[in-house]
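Below is one structure, written out as C-alpha cells; the observations come after it.
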Amino acid sequence: MASVALGADDVARAFEEAGCDVVRTGSRGLFSIEPLVEVEQDGARIGYGPVGPQDVAAVLDGSHAARLGRVDDLPFFASQQRFTFARCGLTDPVSLDDYQAHGGWKGLERARSLPSAEVVEIVTASGLRGRGGAGFPTGIKWKTVLDARSADKFIVCNADEGDSGTFADRMLMEGDPYCLIEGMAIAAHAVGAGHGYIYVRSEYPFAIRTMRAAIEASAHLVAPFTLEVREGAGAYVCGEETALLDSIEGKRGQVRAKPPLPALQGLFGKPTVINNVLSLAAVPFILAEGAEAYASVGFGRSRGTMPVQLAGNVRHGGLYEVGFGITLGELVNDVGGGTASGRAVRAVQVGGPLGAYFPPSMFHLPFDYESFAQAGGLIGHAGITVFDDSVDMAHMARFALKFCAAESCGKCTPCRIGSTRGVEIMDHIIAARGGAPASRTRQEDTGYLGKALYSRAPDRIDVSVDAQVGLLRDLSDVMKHGSLCALGGFTPYPVLSALDYFPEDFGASSPVTEAAE
Amino acid sequence: MEDFISDWVARHGADRDRLLPLLHAIQEEAGHIDPSLVPVLAEALNLSRADIHGVITFYHDFRHEPPARHVVKLCRAESCQARGGAAVEEAATRLLGVPMGEKRGDGRVSIEPVYCLGLCAIGPNALIDGRPVARIDTRMIEQLAVEVNA
Ligand SMILES: Cc1cc2nc3c(=O)[nH]c(=O)nc-3n(C[C@H](O)[C@H](O)[C@H](O)COP(=O)(O)O)c2cc1C
Ligand code: SF4
Ligand code: FES
C-alpha cells in the first residue's frame, strides 16, 4: 500500500508495457527507496529506487542513478535480524510455491508432529511476549486456552493496528500473509481450536484483499482449521481485545470487564486465543528454528526480535526488525537518520497515541518492555514517531486528550468525561500562555471525524497556568486509576510526559514537578 | 435495498455476528446506510431497533447520508502531523472550499478526517476516492481542486 501510495501502480504498468515479467511483492520496509524495483539477472537481485514510470529504460540498461546494488547489502537491511519479516518484500505474497521455497510451513509441520502441550511449551520457552502492546507471555495465554475445557475454541488475530506510527501488521499481511496463516494454524493445533478470525481495520483494504486471497489458496493446507477475515468499521477502541470480540459478535465495540479472561470466556463465550499479528507471525520461526534460536536474541525479559516502525518526521522511515535492547537513540539517529526536515529532533512518541513523548536526553533508553515502563512510557506496538523542533507539545497533549474523547467507548466516566474536561484545561493553558497559532486550535475544534466535541473557547482566563497544570495532573491521576481499559488509563502518558519533559511549551511559571505536589 | 438485505441474509445467514459484514455490504452497495433501513435490519436479524441504531452510530465508518462525489480522507494522526499535516489540512479546506468533516453544499466533495492509514513515514497521507496518496502537498491539493470543480 505504501508503494502504491507513492505511485507503484504506474511503475509496474510501465515495466509491463516494456515487456518485463513483473512480480508485485510486499514492501521491503525502507520507504525512502520506494517504489523499489529489483531486477533479477543471473540469480542476483539488483535494486533501484525510488523509481518512477519515466525511469524504465534507464533501469533496464542498468544506468539509472538510483541503482542501489543488492538491497540486502544496504546497511538498513544488513544490520537487521529478520525473524518475522524474513520473506517480506522478497516473495510474491500469495504464491504458495514462493512461500514453500522460502521455508514456509516448516513450523506447522513440526507443530503437527508434536502433542499440543509440547507446542505450547516451545512457545513459552521462546519467551515470546504479545507484540500488540501489553507484552503478556504468549505461551501462558495459550496454556490457559489449552487447559480450558470446551468443544469450541477460537483463535482471533488482532489486526486492528490503530496506533499512529505503526504499520508492521499491515506490511506483514500485505507482504507475507501465509506467515500469519501458518502462525494461526499452529496456535489452533496448540490449543485445539477449529476456527479463526482475523479482525482487520477497514483502513487497510489491501491487507484485507491479500489475506482473503491467501486464506482461500491455503485452505487445503491448514484444514481442518478454517479461517475468515472480519473487517472493522473505524473504531480505535476495537483494538482492545474484548471490544474486538464484541465487534466480531456484531455489537458496539465496548470493552468488557475482566475477569472472565477471553482465554476462558472469549468469543461467543468460548475459550479464545487473541493475539496480535506479530505475535502469531513470530510463531512459525519459533517452531521451525526452535525456542532457543528465538530466545537467544533480546534484552532482559524481552526476548526475540521486535519489528520497530520508524515514522513521522524521520529521514529513513520504515520497518526495522531487530533484537530488543537497541537504544532509542540508535533507532532514531543511526537507523532513521534523524529528521526528514533536517531540523533537530525534539521529541519522539513511542507506542502510539497512548505512548509517552521522550526528548533526546532519554535516547539512552534500551528498547525493552521493562526499561520503557520504568521511564514512564511504553513500547506498545513499537511505533516510533519523530518530531522536529517545530512541534508544539502543548498542542500534542491536547491532541491526545481529544483523541481519547473521540474514541472512548463510553463505558467509564474518567475516560468519557475526563478527556473532554482535559481538552478544556489544555485550551485554558494554551490561551493563557498566549502562544498557539490560532489556526491550529480553530481547525481542531471540528473534532476527530467531524464529531462536535464540547470545547468552549476560553473567554475568561482567571486562573493561573500553574493551577490549570495542577488540575491536569489531578485529572490524569483519576483517568489512570479510574479507567477500565488502557484507552482512558494510558492517555495520561502522552499528556504528562509532554508536561514533564517540555514544560516550557505549557508556559508554566514554576518547575512543573513542584506544581504536582 | 429491502431485497438486497433479504438476499444477503439468505446467502450469508442471519446470526447476530453477521451485522457488521451486512452493514459493510449495504454501504458498499448504496454508498450509505439510510436510517429507514433500521427496522428492516432489525427484522432480518431478529434484533431490536435500538440495538441496530446503536451499532450503526458507534462505528465511524458508517454514513447516514449519501457521500459526496469525491471523498477526501485526510490523516490527522501524530505522524502525519509531524510531517506537516496541519498545513495540508489548511490548504485542503481552503482550496476545496469545505471545512474538515463536512460535505460541500454542491455535494461534489467532502473532507473527512481519518486516524492513521499505516503510511506514517511518508505522510501527510490521504485516501482520495479510496486511493492511497502519500506525501500530499499544496500542489496536489490544487490539482485535486481542479478535478473536483471540473
Ligand atoms: C484502546 C486499546 C487499543 C488496542 N489496540 C490494539 C491493536 O490495534 N492491536 C493489537 O494487537 N492490540 C491492541 N491492543 C491490545 C489488546 O487489547 C491485546 O492486549 C492484544 O491484542 C493481545 O495480543 P498480544 O498478547 O499478542 O499482544 C489495544 C488495547 C487497548 C486498550
Ligand atoms: S477507559 Fe474508555 S475506552 Fe476503555 S472501557 Fe473505559 S470508556 Fe471504554
Ligand atoms: S499517521 Fe498518518 S498515516 Fe499514520
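Heavy atoms only: backbone and side chains are in, while hydrogens, waters and symmetry mates are out.
- No other option in A/Ile248, A/Asp388, A/Val314 has as many heavy-atom pairs under 4.5 Å with chain B as A/Ile248.
- Counting only heavy atoms from C-beta outward, the side chains of B/Gln81 and A/Met396 approach each other to under 4.5 Å.
- Heavy-atom distances place no part of A/Glu174 under 4.5 Å from chain B, backbone and side chain included.
- Proximity to chain B is limited to the backbone of A/Asp163, based on heavy atoms less than 4.5 angstrom apart.
- Judged by distance alone, the side chains of A/Ser247 and B/Tyr59 do bring a donor and an acceptor atom under 3.5 Å apart.
- Ring-plane geometry between B/Tyr115 and A/Phe399 is classed as parallel, the angle between the planes falling under 30 degrees on a 0 to 90 degree scale with a further cut at 60.
- We find the SG-CD1 distance between B/Cys120 and A/Ile384 to be 12.5 Å, quoted to the nearest 0.5 Å.
- Contact count versus chain A (heavy atoms, under 4.5 Å) is highest, among B/Gly130, B/Ala77, B/Gly118, B/Pro124, for B/Gly118.
- Among A/Pro205, A/Gly352, A/Ala311, A/Ala347, the residue with the largest count of heavy-atom pairs under 4.5 Å with chain B is A/Ala311.
- In terms of heavy-atom pairs under 4.5 angstrom with chain B, the leader among A/Ser32, A/Gly232, A/Ala233, A/Gly250 is A/Ala233.
- Nearest heavy-atom pair, B/Leu119 versus A/Ala5, reported as atom, atom and distance to 0.1 Å: CD1-CB, 4.0 Å.
- Atoms CE and CD1, on A/Met1 and B/Ile122 in that order, are 9.0 Å from each other to the nearest 0.5 Å.
- Heavy-atom neighbours of A/His195 NE2 from other residues, nucleotides or ligands within 6.0 Å: above the threshold of 12.
- For the pair A/Tyr204 and B/Leu117, the tightest heavy-atom approach, listed with the atom from each and the gap, is CE2-O, 3.5 Å.
- Heavy atoms of B/Arg18 lying under 4.5 Å from chain A belong exclusively to its side chain.
- Chain B forms more heavy-atom pairs under 4.5 Å with one residue of A/Gly410, A/Ser164, A/Gly318, A/Ala340 than with any other, namely A/Ser164.
- Taking SG of B/Cys80 as the start and CG of A/Asn313 as the end, the distance is 11.5 Å to the nearest 0.5 Å.
- Atom CD of B/Gln27 has more than 12 neighbouring heavy atoms from other residues, nucleotides or ligands inside a 6.0 Å radius.
- Of the two parts of A/Arg252, the backbone and the side chain both hold a non-hydrogen atom closer than 4.5 Å to a non-hydrogen atom of chain B.
- Around CZ of B/Arg49, the count of heavy atoms belonging to other residues, nucleotides or ligands within 6.0 Å does not exceed 12.
- Shortest non-hydrogen contact noted between B/Leu20 and A/Glu231 is CD2-O, 4.3 Å.
- Ion pairing between B/Arg135 and A/Glu34 fails under the 4.0 Å rule for side-chain N and carboxylate O.
- Ranked by heavy-atom pairs shorter than 4.5 Å toward chain B, the options A/Arg201, A/Met171, A/Arg230, A/His316 are led by A/Arg230.
- In this structure, the separation between CG on A/Leu267 and CG on B/Asp17 is 8.0 Å, given to the nearest 0.5 Å.
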For this session: Evaluate salt bridge (charged side-chain N to carboxylate O under 4.0 Å, His left out) for B/Asp51 paired with A/Lys251, printing each intermediate quantity in order.
Result: CA-CA 8 Å; B/Asp51 205 340; A/Lys251 303 174 187 155; over 6 Å; no

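- Of all the listed residues (A/Gly312, A/Pro353, A/Gly317), the one sharing the greatest number of non-hydrogen pairs under 4.5 Å with chain B is A/Gly312.
- In this structure, the portion of A/Val237 lying under 4.5 Å from any heavy atom of chain B is its side chain and not its backbone.
- Every residue meeting the ring-ring contact (aromatic ring centres under 6.0 Å, His included) condition with A/Phe387, not counting sequence neighbours, appears here in chain and number order: A/Tyr357.
- Side-chain atoms of A/Thr385 and B/Glu78 include no donor-acceptor pair closer than 3.5 Å.
- Considering all non-hydrogen atoms of both residues, A/Gly162 and B/Cys116 come closest at O-CB, 4.3 Å.
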Return a table of donor-acceptor pairs under 3.5 angstrom between the side chains of residues 140-150 of chain B and protein atoms on other chains or two or more places apart.
unit_1: B/Asn149; atom_1: OD1; unit_2: B/Arg104; atom_2: NH1; d: 3.3
unit_1: B/Asn149; atom_1: OD1; unit_2: B/Arg104; atom_2: NH2; d: 2.8
unit_1: B/Asn149; atom_1: ND2; unit_2: B/Ala145; atom_2: O; d: 3.0

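- Heavy atoms of other residues, nucleotides or ligands lying less than 6.0 angstrom from CG of B/Asn46 number 12 at most.
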